[in-house]
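Sequence lines set the chain letters: A, B, ... in the order given, protein chains first and strands last, and positions in each chain run from 1.
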Protein chains: 2
Amino acid sequence: MQITRQTEYAIRTMLELARAPRGEFLSTRYISEQQDIPEDFLKKTLKLLVLAGLISTQRGVHGGIRLARPAGKITLVDIIEAVECNVALNVCLAPGYNCPNQPGCPVSRNLARAQQAMLNELRKESLEDMLGDQ
Amino acid sequence: MQITRQTEYAIRTMLELARAPRGEFLSTRYISEQQDIPEDFLKKTLKLLVLAGLISTQRGVHGGIRLARPAGKITLVDIIEAVECNVALNVCLAPGYNCPNQPGCPVSRNLARAQQAMLNELRKESLEDMLGDQ
DNA sequence: CCATTGTGGACTAATATTGTCCTTTTTGTT
DNA sequence: AACAAAAAGGACAATATTAGTCCACAATGG
């Protein structure tokens with residue numbers, strides 16, 4: 001019941017990007033050094049952020065990555081969902097899972113409520129907000 | 001970001017116990033058969049529930065396990081915390097961890113809030129409530 | 001043409017989770 | 001006293017997940 005290290009890397013990366021001048025590209029290498037993240041592993045992680053539409057990339061000499069939308073419009077949920085694909089407190093909440101119990105079993109109902117509550121909290125502050133109050 | 005299979009086993013076991021007549025002992029074997037849980041693995045799991053004070057055991061011929069307190073006073077949080085030891089959405093929230101960032105960094109603050117929200121939801125229904133509404 | 005930077009995929013290593021086996025202790029029953 | 005039922009405990013094995021590495025390739029600007 002923890003976010004993975006990879007998710008943490010993604011969060012730190014996104015914050016680093018949010019801190020950079022708007023629209024500027026940062027290279028993967030630079031970020032990996034700043035944040036002490038293995039470069040090749042970071043690359044794989046960035047792929048997930050690209051797929052989720054959170055960052056955009058530019059190849060070549062002055063290329064790199066940058067936020068795909070304003071830091072004020074990105075929250076931790078976006079990042080977590082991008083990296084962990086589908087957040088589900090229990091297998092029975094994952095899409096496509098067919099519970100052998102009654103569909104609305106009380107346990108999964110409770111877990112689902114808890115999960116919603118958690119995600120709602122994570123939606124409250126944007127990256128911009130977070131940078132503001134440190 | 002999921003509860004483990006072991007935690008699920010523990011939840012199912014606790015519900016089974018809650019369904020049994022008050023004070024009666026059920027054997028590990030019986031539960032493992034009912035719930036289709038590997039017996040030896042279940043035993044290890046039960047140990048955690050004992051340590052957490054959720055169940056009490058009785059050795060010997062008519063022994064087994066039973067709830068250590070009324071089903072109305074046990075919630076999913078109790079079980080999850082018993083099995084997963086210390087729930088922490090991120091390493092930086094685990095007790096004893098020393099964050100290299102400022103102590104109250106905005107990320108851990110957000111994760112902590114989300115975790116609290118989640119746990120609070122999980123505290124709302126007791127095992128008894130859950131049995132009631134299926 | 002070449003250095004820089006992202007893309008993609010295969011592979012390995014490390015760690016965590018799940019499951020198994022076997023021995024011991026306790027307890028009621030015969 | 002002997003025995004069978006049941007929990008306690010610990011070592012080990014199998015799997016699955018997570019993390020990290022390596023290498024060849026593609027785009028881009030100077």
Side-chain angles (χ1 to χ4, degrees), chain A residues 1-13 17 20 24-52 54-68 80 82-88 90-91 94, chain B residues 1-13 17 20 24-52 54-68 80 82-88 90-91 94:
Chain A
M1 166 109 56
Q2 249 192 25
I3 62 174
T4 62
R5 187 133 92 220
Q6 187 175 33
T7 301
E8 235 223 78
Y9 289 163
I11 293 173
R12 300 220 304 264
T13 297
L17 292 175
E24 182 172 300
F25 288 107
L26 301 185
S27 75
T28 302
R29 165 152 309 147
Y30 173 77
I31 294 175
S32 79
E33 279 163 1
Q34 286 295 307
Q35 298 289 336
D36 193 32
I37 300 171
E39 186 176 348
D40 281 309
F41 188 58
L42 178 57
K43 282 185 189 170
K44 290 205 298 192
T45 307
L46 294 178
K47 186 64 168 66
L48 298 170
L49 297 176
V50 170
L51 287 175
L54 295 179
I55 62 177
S56 59
T57 65
Q58 166 73 46
R59 287 179 170 195
V61 174
H62 294 126
I65 60 182
R66 65 181 181 194
L67 298 185
I80 292 173
V83 179
E84 319 225 327
C85 293
N86 24 51
V87 177
N90 195 10
V91 270
Chain B
M1 166 108 57
Q2 250 191 24
I3 61 175
T4 63
R5 188 132 90 219
Q6 187 175 33
T7 302
E8 235 224 79
Y9 289 164
I11 293 173
R12 299 219 306 265
T13 297
L17 291 176
E24 182 172 300
F25 288 108
L26 300 184
S27 75
T28 302
R29 166 153 309 146
Y30 173 78
I31 294 175
S32 79
E33 280 163 1
Q34 286 295 308
Q35 298 288 337
D36 194 32
I37 301 171
E39 187 177 348
D40 282 310
F41 189 57
L42 178 57
K43 282 186 190 170
K44 292 204 296 193
T45 309
L46 294 179
K47 186 64 167 68
L48 298 171
L49 298 176
V50 170
L51 287 174
L54 295 179
I55 61 177
S56 58
T57 63
Q58 166 72 45
R59 287 179 169 193
V61 174
H62 293 126
I65 60 181
R66 66 182 180 193
L67 298 185
I80 292 173
V83 180
E84 320 226 326
C85 293
N86 24 50
V87 177
N90 195 9
V91 270

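The two atoms that bring A/Pro38 and A/Tyr9 nearest to each other are CD-OH, 3.8 Å, heavy atoms only. Smallest separation of non-hydrogen atoms from B/Ala82 and B/Leu48: O-CB, 3.9 Å. The heavy-atom pair separating A/Ala88 from B/Gln2 by the smallest distance is O-CG, 2.5 Å.
Put simply, CG on A/Leu46 is 14 Å from P on D/dG20, counting in whole angstrom units. Distance, B/Glu84 CD to C/dA16 C1': 12 Å, rounded to whole Å. One interatomic measurement links the two molecules: CG of B/Leu51 to C1' of D/dA7, which rounds to 14 Å at whole-angstrom precision. The nearest whole Å value for the distance from the CD1 atom in A/Ile65 to the P atom in C/dT4 is 19 Å.
Of the residues in residues 24-32 of chain B, those with a non-hydrogen atom less than 4.0 angstrom from any atom of DNA chain D are B/Leu26, B/Ser27, B/Thr28.
Using a 4.5 Å heavy-atom threshold, the side chains of B/Ile31 and B/Leu46 count as separate. Residues B/Ile55 and B/Thr13 form no side-chain contact, since every pair of their non-hydrogen atoms from C-beta on lies 4.5 Å or further apart. The shortest side-chain heavy-atom distance between A/Gln6 and A/Phe41 falls under the 4.5 Å cut-off. A/Val83 is listed as a side-chain neighbour of A/Leu49, based on a closest heavy-atom distance under 4.5 Å.
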Across nucleotides 17-30 of chain C, 5' to 3', mark each nucleotide with B, S or - according to how protein heavy atoms within less than 4.0 Å reach it. -BBBBB--BBBBS-
Step-by-step side chain to side chain contact (heavy atoms under 4.5 Å, CB included) determination, B/Lys47 to B/Lys43: CA-CA 6 Å; B/Lys47 186 64 167 68; B/Lys43 282 186 190 170; over 6 Å; no
